[in-house]
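Sending over a structure as structure tokens; questions will come in a sec.
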2 protein chains.
Amino acid sequence: MKKQMQPVDAAALLEEHGFKKTPLRLLLLEILSISPAPLPVSTLQRKTKKLGADLATLYRALNAFVEAELVQAITADKKKALYELNRPKIHVHHIMCDSCNTVETIPFCIKSLDQQAINVSRLFKKIYSHQLAFVGTCRKCLRAVR
Amino acid sequence: MKKQMQPVDAAALLEEHGFKKTPLRLLLLEILSISPAPLPVSTLQRKTKKLGADLATLYRALNAFVEAELVQAITADKKKALYELNRPKIHVHHIMCDSCNTVETIPFCIKSLDQQAINVSRLFKKIYSHQLAFVGTCRKCLRAVR
DNA sequence: ATACAAATGCAAATGATTTGCAATTGTCAG
DNA sequence: CTGACAATTGCAAATCATTTGCATTTGTAT
Ligand SMILES: [Mn+2]
Ligand SMILES: [Mn+2]
Ligand SMILES: [Zn+2]
Ligand SMILES: [Zn+2]
């Protein structure tokens, strides 16, 4: 029942963006591409520990990906950032549990929101993107309380 | 032409929430209540420097306000948080400049978004709130480029 | 005036993220 | 295939916003 995401051709992605095809970066993209939820750096470190990559290297890779818009950094958490593969055609939003801080991905754009973004663009000249995060309590945490 | 916000009765607010009416907290609420944009801690420290409050005290006050839902912390920036008075009847959103990192307040809720939140609530059991932030380039920064 | 919890100041700790620099590695032209 | 060279990495140290422990002060209620 676990939702599995569509894997991507990591090598091709790296090449398209002018990145070297290094073991870490290849693996990072693979991990991110099959994850149903955005992942913190700590998890990415654990899932790549067989490569023994340094934390600084992980951060540098992720920052490069974000810069290239290959990956999106989710800051809903405020403490540690979460990273999620950016899928060109699948614009997503997020929902965060205020109890366990789990961040789930809503795998589609909230209807009509993009249209509204156009209206709001009168305030700014150019709008690149928007981030929408809902905050609530997830089912698991609700069960834990009662 | 500067947009001025409606000031609030800081003393009353503190009392309602069971806080002591201390000089710093009173002043903080006054500053936040007339600010047209969310403010970082550094600015709040500057605007309250006549009181010589310690940074830790500032943070503790702000955290207490956020906990009491008197103030909203905006984390769109990811580096430093921004603080904005929470007005019960005026639900706002934000728009951030990716160039100068200015965060402006959109002083109303994006139409129909709250209705959509109800739909999304099928994913979670309970949804308390949502944060929506647009990212773009503000007029000032666009002018600076050309 | 007294009592007590809340708030503060100060200094030290945290913890995620960044940076400098030398060594390594992937890519590409020759 | 072989260098050359820029991109990537490892390691250690630095940053920087935010938090925390503890002793002291202050606001509020009785
Ligand atoms: Mn959207
Ligand atoms: Mn809204
Ligand atoms: Zn939860
Ligand atoms: Zn700007």
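Within every chain, numbering begins at 1; the chains are lettered A, B, ... in the order of the sequence lines, protein sequences first and strands thereafter.
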*Over how many whole Å does the gap from A/L58 atom CG to D/dC11 atom P extend?*
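A/L58 atom CG is separated from D/dC11 atom P by 13 Å.
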
*Considering just the side-chain nitrogens and oxygens of B/N63, establish if one lies under 4.0 Å of OP1 or OP2 belonging to D/dT18.*
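No, B/N63 has no side-chain N/O under 4.0 Å of OP1/OP2 on D/dT18.
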
*What's the CD-C1' distance between A/Q45 and D/dT9, to the nearest Å?*
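Atom-to-atom, A/Q45 to D/dT9, this comes out as 14 Å.
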
_How many whole angstroms separate atom NZ of A/K80 from atom P of C/dT18?_
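Rounded to whole Å, this separation is 16 Å.
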
_Gap between atoms CZ and C1', on A/R60 and D/dA7 respectively (whole Å)_ =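 It works out to 11 Å between those atoms.
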
_When you measure from the side-chain N and O atoms of B/Y59 to the phosphate of D/dT19, is any distance below 4.0 Å, counting only OP1 and OP2?_
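For D/dT19, OP1/OP2 do not have a side-chain N/O of B/Y59 under 4.0 Å.
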
_Nearest-angstrom distance from the residue atom CG of B/L51 to C1' of C/dA7_ =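 It works out to 14 Å between those atoms.
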
*Quick one: A/L44 CG to C/dT17 C1', roughly how many Å, whole number?*
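After rounding, the gap between these two atoms is 14 Å.
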
*Which of residues 21-29 of chain B have a heavy atom under 4.0 Å from DNA chain C?*
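B/T22, B/L24, B/R25, in order of number.
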
*Is the shortest heavy-atom distance from the side chain of B/L55 to the side chain of B/Q45 under 4.5 Å?*
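Counting from C-beta outward, B/L55 and B/Q45 do come under 4.5 Å.
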
*Grab the CZ-C1' distance between B/F19 and D/dT26 for me, whole Å please.*
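In whole Å, D/dT26 C1' lies 16 Å from B/F19 CZ.
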
*Could you please name the option among C/dG26, C/dT19, D/dT20 that lies closest to any side-chain atom of B/A56?*
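The nucleotide sitting nearest to the side chain is D/dT20.
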
*asked:* In this structure, how many angstroms lie between the P atom of D/dT8 and the NE2 atom of A/H17, rounded?
replied: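 After rounding, the reported distance stands at 13 Å.
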
*Between CZ on residue B/R25 and CG on residue B/L58, distance to nearest 0.5 Å*: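 CG of B/L58 is found 10.0 Å from CZ of B/R25.
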
*Closest nucleotide of DNA chain D for A/T57 versus for B/K79: which of these residues is on the 5' side?*
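In this pair, the answer is A/T57.
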
